[in-house]
Amino acid sequence: MTEPGTAPGDQFGVPVLGRTVPDLADLVRRSAGGDEAAFADLYDATSARVYGLAVRVTRSPEIAAEVVQEVYLMAWEQSGRFAPSRGSVLGWLCTLAHRRAVDRVRQVAGERNREQTYEDQRPTTAADQTWEQVEQSMAVQEVRDGLGTLSPLQREAVALAYYEGCTHQEVARALNIPLGTAKARIRDGLNNLRSALGGRR
């Protein structure tokens, strides 16, 4: 399968380089029978349109790519229930994509609101003290090794804050995330780093 956004777009039923794109309903029918090659063809023929819809709804290429993966997993699992009489294959896939994309937008908004509420209600924490304790108790190389145990998001935020000298506001701007989210990632990253390094003593 090709990556979302790189597959052919509006080529359904139109000759392409002397050949015609396979019938999508037939690909779904074959997929329902466990034909992985047919499902790969279905993905290649439709994923660009599904991805484009997901991007328009989520406004995030990364989230849209996740939505596409989830949509085609659902399509594989539900292919046996698809009924051509109810509509086109592309319409079915786009309906799945739209619903999942809206769900993801709501989920992300909810997480951001919860993080912001948590930060607003939480008294200022001594994250800098945690960092000082880590530096005082462990060698620099051990700290660098410990960063490898963090999640990519936490590692990125911590590196910006304590290796690049960015403020919380600058980290939030650099990563294009809410201030509360930036603070949470830095705080949680430092706490996880401290725990990881503590286990190496």
Side-chain angles (χ1 to χ4, degrees), residues 1-115 147-160 174-178 181 184-185 188-189 192:
M1 297 182 187
T2 56
E3 290 296 320
T6 62
D10 299 315
Q11 299 176 344
F12 307 101
V14 178
V16 180
L17 298 178
R19 60 185 176 85
T20 301
V21 174
D23 178 76
L24 299 183
D26 180 61
L27 292 178
V28 173
R29 180 186 60 77
R30 289 161 53 194
S31 297
D35 188 334
E36 295 182 3
F39 188 73
D41 289 341
L42 175 68
Y43 178 94
D44 290 340
T46 60
S47 61
R49 291 284 291 274
V50 173
Y51 175 77
L53 172 62
V55 167
R56 288 195 298 273
V57 175
T58 64
R59 300 183 182 276
S60 166
E62 293 79 13
I63 296 177
E66 294 175 0
V67 168
V68 170
Q69 293 179 3
E70 294 167 1
V71 164
Y72 282 94
L73 176 59
M74 289 188 292
W76 173 259
E77 294 174 342
Q78 301 175 18
S79 56
R81 297 197 296 270
F82 173 74
S85 60
R86 297 180 181 176
S88 69
V89 171
L90 187 58
W92 172 56
L93 292 172
C94 286
T95 296
L96 292 176
H98 186 268
R99 290 174 180 171
R100 190 67 192 112
V102 170
D103 287 344
R104 289 303 302 274
V105 169
R106 290 173 178 168
Q107 178 185 2
V108 170
E111 290 174 351
R112 288 178 176 175
N113 289 337
R114 285 193 295 273
E115 288 176 344
L147 286 172
T149 67
L150 305 183
S151 71
L153 295 178
Q154 291 175 351
R155 183 166 57 250
E156 186 177 38
V158 170
L160 283 172
L175 301 181
N176 193 28
I177 57 177
T181 301
R185 288 182 185 176
D188 294 343
N192 291 341

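- With a 4.5 Å cut-off on side-chain heavy atoms, Arg185 and Ile177 count as touching.
- The two atoms that bring Ser88 and Gly91 nearest to each other are OG-N, 2.9 Å, heavy atoms only.
- In this view, Glu70 and Arg100, Arg104 satisfy the salt bridge (Lys or Arg N to Asp or Glu O under 4.0 Å) rule, not counting sequence neighbours.
- Scanning for salt bridge (Lys or Arg N to Asp or Glu O under 4.0 Å) contacts around Asp26 gives Arg29, Arg30, with sequence neighbours left out.
- Counting heavy atoms from C-beta on, the side chains of Gln107 and Asp103 never come closer than 4.5 Å.
- Remark: Val57 engages Leu53, His98, Ala101, Val102, Val105 in a side-chain contact (heavy atoms from CB on, under 4.5 Å) (not counting sequence neighbours).
- A side-chain hydrogen bond (donor to acceptor under 3.5 Å, both in side chains) check over residues 72-86, counting only residues at least two apart or in different chains, returns the pairs Thr46-Tyr72.
- Partners of Thr95 under the side-chain contact (heavy atoms from CB on, under 4.5 Å) rule, at least two apart in sequence or in another chain, are Arg99.
- Val67 has its side chain out of reach of Tyr51: every pair of non-hydrogen atoms, C-beta onward, lies at least 4.5 Å apart.
- The heavy-atom pair separating Ala45 from Leu24 by the smallest distance is CB-CD2, 4.0 Å.
- The two residues Leu93 and Ala75 come nearest to each other via the heavy atoms CD2-CB, 3.7 Å.
- Here the OG1 atom belonging to Thr181 is positioned 10.0 Å from the CG atom belonging to Leu153, to the nearest 0.5 angstrom.
- Pairs engaging residues 87-98 under the salt bridge (Lys or Arg N to Asp or Glu O under 4.0 Å) rule: none recorded [sequence neighbours left out].
- Atom-to-atom distance recorded for Leu96:CG and Met74:CE is 5.0 Å, nearest 0.5 angstrom.
- Residue pairs meeting the side-chain hydrogen bond (donor to acceptor under 3.5 Å, both in side chains) criterion with at least one member in residues 52-63, sequence neighbours excluded: Ser60-Glu62.
- No side-chain heavy atom of Leu27 sits less than 4.5 Å from a side-chain heavy atom of Phe39.
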